[in-house]
Amino acid sequence: MDNFNLFIEKQFKISAVFLFLGLFFGILYSINLLGYFVDSTTLNPVNIRAIHISLMLYGFVPLMLSYLPFLLINKEVGNSKEGLFYLNLYTIFWYIFLIFMVNTLLFGNTRGLAFYDFAYELNFILAFAGLFYIIALYKFIKLYKVKPTWVKVSLYIVISAPFALLILMNPTIGQVESTVSGPHGDNTLGMSFALIPIYYLIIKFLSKNDFKSRWNIFWIIPLVFYILSVLHRSFIGHLTYNQEWFFQYLTLFYIPLLYRWYKDADIEKYSKLALLISIAAFLFVDIEGNILFIPELRWVFHRNDLVIAHAHVAMGIGVFFMVISMFVSYIKQLQKLHFYILYLAGLVGIFTVLTLSGFAQASMLDASTYTLWEFRTFFGVVTFLSIIAFIQIRTKYSLLEKYNIFGVLSDGLGGIFLILLSSYLYPLFGFSFQGKYEYVVFAFVSITGVIHFLAFKYKEYENILTKLTVFIRVFVSSIFFSLYLAKSLHIVALLISLFDISMVVFYLVYIYKKEQLCKN
């Protein structure tokens with residue numbers, strides 16, 4: 001397996017962590033809606049909702065979709081080692097953006113928007129990542145002797161993307177605030193069209209034969225009218241509802257187009273299954289969206305749970321399975337039916353109960369919204385359980401591996417647990433909590449857990465990384481013990497000191513001793 005394949009497999013699994021983190025926060029938000037929550041500064045419903053939606057929109061799915069040109073170039077002409085280096089830098093900065101996004105939202109730095117709720121300044125990290133993406137794509141494109149049209153178009157779009165991002169997301173001159181209210185049928189047409197070239201490239205990538213697109217008139221007509229709608233908004237003024245309705249219905253042209261493309265392609269079994277699920281979800285949402293645009297229905301269902309159900313199918317099934325179809329040949333876990341069954345059972349269940357809830361909220365069905373929300377939580381858990389497909393459990397571990405696993409659980413997960421719940425737990429036990437320096441301490445605790453994880457993950461660095469955690473614990477333990485004696489910190493400082501020094505003692509007595517005896 002070459003470096004490119006290893007890179008793709010690794011990044012898929014790392015970014016999947018953000019996917020399941022988003023699902024986890026979605027379950028928490030659903031539980032909050034049922035009236036169960038703790039009085040935590042970080043875990044309040046507004047923050048949780050923002051994190052869930054932002055991770056779904058900016059986490060696993062868009063990052064993996066951005067690899068599509070590289071997958072296709074690798075298939076056609078191979079890959080560039082230098083380009084792969086810049087693609088890796090792009091990915092790392094995307095992860096940095098996601099970490100900043102989650103933490104800022106966790107501490108309540110929201111914009112009060114339905115989507116794109118994180119601080120505008122974070123878009124600069126994405127734009128900076130985009131510069132490395134441009135360089136990576138340029139390096140890969142150089143492998144072509146004659147550049148195909150799709151390659152040239154992709155490069156032009158990518159070059160303009162960082163600048164477009166900063167303009168469109170700007171709270172003063174951008175389009176975010178103006179597109180979260182009102183019908184905006186032309187924006188639906190534009191967003192739907194954005195998926196059509198992605199479908200084309202995916203089918204071209206997956207097809208065993210030399211795929212040639214047919215019936216192109218069905219994407220040309222909607223594109224022309226979308227451009228006209230943008231010009232109308234820019235130079236004439238707002239569109240009437242009937243005009244927007246007309247643009248909305250142009251999305252129906254995509255139904256025969258995707259049918260034709262799917263039938264013409266020769267695709268491997270599991271990839272074809274994932275692509276079929278994606279296209280079916282896209283077309284379902286397309287038809288349903290056009291029905292919901294009827295004024296008499298729109299005013300009844302707008303902003304209720306039926307619309308949320310609609311969004312779950314569009315993003316959670318349609319776009320998600322676009323990504324899955326791309327990576328089936330790289331990720332063996334995607335070649336297992338139980339992943340598809342669990343994930344789809346959860347998402348279809350969420351869609352069903354939210355749809356019924358929408359009808360109940362519109363007074364068209366006599367049902368308890370609360371009961372339906374309970375089912376939504378249950379189906380969210382079912383969706384989350386699809387992570388089982390990616391988990392491989394060993395039965396035997398060395399003593400050093402067990403030590404590092406305990407470090408991951410106690411420090412890594414423990415630090416995160418304290419970040420989420422310390423503002424609730426401290427007062428519960430009678431400890432004072434300022435909500436400032438404590439979070440910095442918890443972050444350092446989590447990083448120690450990360451070092452333990454790296455020691456467990458990378459066998460060749462296991463000993464040195466474990467020793468590093470021991471040095472950190474000695475230093476941290478001594479500092480906290482000193483602060484406790486000086487009465488600068490309360491009993492919690494003593495507990496942290498005792499825990500860390502206990503870990504050090506265990507290592508020296510049981511692991512270090514064995515290591516030295518083996519050397520002798």
- Message: Any side-chain to backbone donor/acceptor pair from Glu9 onto Ile331? Under 3.5 Å, distance only.
- Response: no
- For Trp261, which of Tyr200, Phe218, Tyr199 qualifies under ring-ring contact (aromatic ring centres under 6.0 Å, His included)? Tyr200
- Return yes when atom CZ of Phe453 has more than 12 non-hydrogen atoms of other residues, nucleotides or ligands closer than 6.0 Å, and no otherwise. no
- Message: Taking the side chain as everything from C-beta on, heavy atoms only, tell me whether Phe132 gets closer than 4.5 Å to Leu87.
- Response: no
- Step-by-step ring pair (Phe, Tyr, Trp, His ring centres under 6.0 Å) determination, Phe60 to Phe12: CA-CA 8 Å; Phe60 170 81; Phe12 183 95; 5.2 Å; yes
- Looking only at heavy atoms, what is the nearest atom pair of Arg214 and Leu257, with distance? O-CD1, 3.8 Å
- Message: Atom NZ of residue position Lys10 - does it have more than 12 heavy atoms of other residues, nucleotides or ligands inside 6.0 Å?
- Response: no
- Item | Nearest non-hydrogen partners of Leu283 and Tyr254, listed with the distance | CD2-O, 4.1 Å
- Starting from the C-alpha separation in whole Å, work towards a yes-or-no answer on side-chain contact (heavy atoms from CB on, under 4.5 Å) for Tyr262 and Lys272. CA-CA 9 Å; Tyr262 182 80; Lys272 193 165 189 174; 3.0 Å; yes
- Ala360 and Ala367: which non-hydrogen atoms are nearest, and at how many Å? CB-O, 3.8 Å
- Message: Looking at every heavy atom in both Pro295 and Tyr241, which two are closest together, and how far apart are they?
- Response: CG-CE2, 3.6 Å
- Counting N and O atoms only, with roles assigned by atom type, does the side chain of Ser278 sit under 3.5 Å from a partner on the main chain of Gly318, one being a donor and the other an acceptor? yes
- Query: Tyr95 and Gln11: side-chain hydrogen bond (donor to acceptor under 3.5 Å, both in side chains), yes or no, with the steps?
  - Reply: CA-CA 10 Å; Tyr95 292 147; Gln11 302 309 330; 2.8 Å; yes
- Query: So do Val300 and Met364 actually touch side chain to side chain, heavy atoms under 4.5 Å?
  - Reply: yes
- Query: Hey, is CZ on Phe378 packed in by over 12 heavy atoms from elsewhere, all under 6.0 Å?
  - Reply: no
- Note on the structure: So OG of Ser368 and CD of Glu374: to nearest 0.5 Å the spacing works out to 7.5 Å
- Message: Suppose we call two aromatic rings close when their centres sit under 6.0 Å apart. Are Phe359 and Phe301 close by that rule?
- Response: yes
- Could you check if a side-chain atom of Pro222 sits within less than 4.5 angstrom of a side-chain atom of Phe225, using non-hydrogen atoms only? no
- Note on the structure: Output for pair (Gln248 CD, Arg298 CZ), nearest 0.5 Å, gives 9.0 Å
- Might you confirm whether atom CG of Asp366 has over 12 heavy atoms from other residues, nucleotides or ligands at distances under 6.0 Å? no
- Task: Step through the shown structure and confirm whether more than 12 heavy atoms of other residues, nucleotides or ligands are within 6.0 Å of CZ on Phe211.
- Result: yes
- Judged by atom type as modelled, is there a donor-acceptor pair below 3.5 Å linking the side chain of Ser30 to the main-chain atoms of Ile27? no
- Please tell me if the side chains of Glu288 and Leu306 come closer than 4.5 Å, counting only heavy atoms from C-beta onward. yes
- Is there a donor-acceptor contact under 3.5 Å from the side chain of Gln361 to the main chain of Asp305? yes
- Side-chain donor or acceptor of Asp411 paired with backbone N/O of Val408 under 3.5 Å: no
- Message: Can you tell me if Phe20 has over 12 outside heavy atoms packed within less than 6.0 Å of its CZ?
- Response: yes
Do any side-chain atoms of residues 46-56 form donor-acceptor pairs under 3.5 angstrom with protein atoms, and if so which ones, sequence neighbours left out?
from: Asn47; atom 1: ND2; to: Thr42; atom 2: O; distance (Å): 3.2
from: Asn47; atom 1: ND2; to: Leu106; atom 2: O; distance (Å): 3.0
from: His52; atom 1: ND1; to: Gly22; atom 2: O; distance (Å): 2.8
from: His52; atom 1: ND1; to: Gly26; atom 2: N; distance (Å): 3.4
from: Ser54; atom 1: OG; to: Ala50; atom 2: O; distance (Å): 2.8

Listed pairs under 3.5 Å, donor-acceptor, residues 337-351 side chains, sequence neighbours left out:
from: Tyr340; atom 1: OH; to: Leu334; atom 2: O; distance (Å): 2.7
from: Tyr343; atom 1: OH; to: Gly316; atom 2: O; distance (Å): 2.6

- Main-chain N/O of Asn290 paired with Tyr249 side-chain donor or acceptor, under 3.5 Å: yes
- Message: What's the separation between atom CG in Leu98 and atom CZ in Phe93, rounded to the nearest 0.5 Å?
- Response: 13.5 Å
- Message: Parallel, tilted or perpendicular: which one describes the rings of Phe7 and Phe4, with boundaries at 30° and 60°?
- Response: tilted
Contacts under 3.5 angstrom, residues 62-76 side chains, donor-acceptor by atom type, not counting sequence neighbours:
from: Ser66; atom 1: OG; to: Leu63; atom 2: O; distance (Å): 2.5
from: Ser66; atom 1: OG; to: Tyr90; atom 2: OH; distance (Å): 2.7
from: Tyr67; atom 1: OH; to: Thr91; atom 2: OG1; distance (Å): 2.7
from: Asn74; atom 1: OD1; to: Asn79; atom 2: ND2; distance (Å): 2.9
from: Lys75; atom 1: NZ; to: Lys204; atom 2: O; distance (Å): 3.1
from: Lys75; atom 1: NZ; to: Phe205; atom 2: O; distance (Å): 2.9
from: Lys75; atom 1: NZ; to: Ser207; atom 2: O; distance (Å): 2.8
from: Glu76; atom 1: OE1; to: Tyr144; atom 2: OH; distance (Å): 2.3

- Nearest non-hydrogen partners of Pro256 and Leu252, listed with the distance: CD-O, 3.5 Å
- Give a yes or no on this: more than 12 heavy atoms of other residues, nucleotides or ligands lie within 6.0 Å of atom CZ of Phe100. no
- Item | Beyond-backbone contact of Trp219 with Asn216, side-chain heavy atoms, under 4.5 angstrom | yes
- What is the distance from atom CG of Leu19 to atom CD1 of Ile14, rounded to the nearest 0.5 Å? 14.0 Å
- Message: Checking Leu372 against Leu354 for the side-chain contact (heavy atoms from CB on, under 4.5 Å) test, could you report, in this order, the C-alpha distance in whole Å, the side-chain angles of both residues, the deciding distance, and whether it holds?
- Response: CA-CA 7 Å; Leu372 292 168; Leu354 284 178; over 6 Å; no
- Message: On a heavy-atom basis, which atom in Ile317 and which in Ala281 lie closest, and how many Å separate them?
- Response: CG2-CB, 3.5 Å
- Anything under 30° is parallel, anything over 60° is perpendicular, the rest tilted; go ahead and classify Phe384 against Phe24. tilted
- Task: Applying side-chain contact (heavy atoms from CB on, under 4.5 Å), run through Leu57 and Phe118 and close with a yes or a no.
- Result: CA-CA 12 Å; Leu57 294 178; Phe118 53 85; over 6 Å; no
- Note on the structure: Separation between CD1 (Ile203) and OG (Ser271), nearest 0.5 Å, reads 12.0 Å
- Message: What I'd like to find out is whether the side chain of Asp286 reaches to under 4.5 Å of the side chain of Ser192, using heavy atoms alone.
- Response: no
- Message: Quick one, Ile125 with Phe128, criterion side-chain contact (heavy atoms from CB on, under 4.5 Å). Give me CA distance, side-chain angles, the key distance, then yes/no.
- Response: CA-CA 5 Å; Ile125 302 177; Phe128 187 66; 5.7 Å; no
- When rounded to the nearest 0.5 angstrom, what is the spacing between OH in Tyr270 and OG in Ser325? 15.0 Å
- Message: Which label fits Phe456 and Tyr397: parallel for a plane angle under 30°, tilted from 30 to 60°, or perpendicular past 60°?
- Response: tilted
- For the residue pair Trp215 and Tyr259, does the interplanar ring angle fall in the parallel (under 30°), tilted (30 to 60°) or perpendicular (over 60°) class? tilted
- Item | Under 3.5 Å: donor-acceptor pair, side chain of Ser423, backbone of Thr41 | yes
- Taking the six-membered ring for Trp, are Trp245 and Phe293 parallel (under 30°), tilted (30 to 60°) or perpendicular (over 60°)? tilted
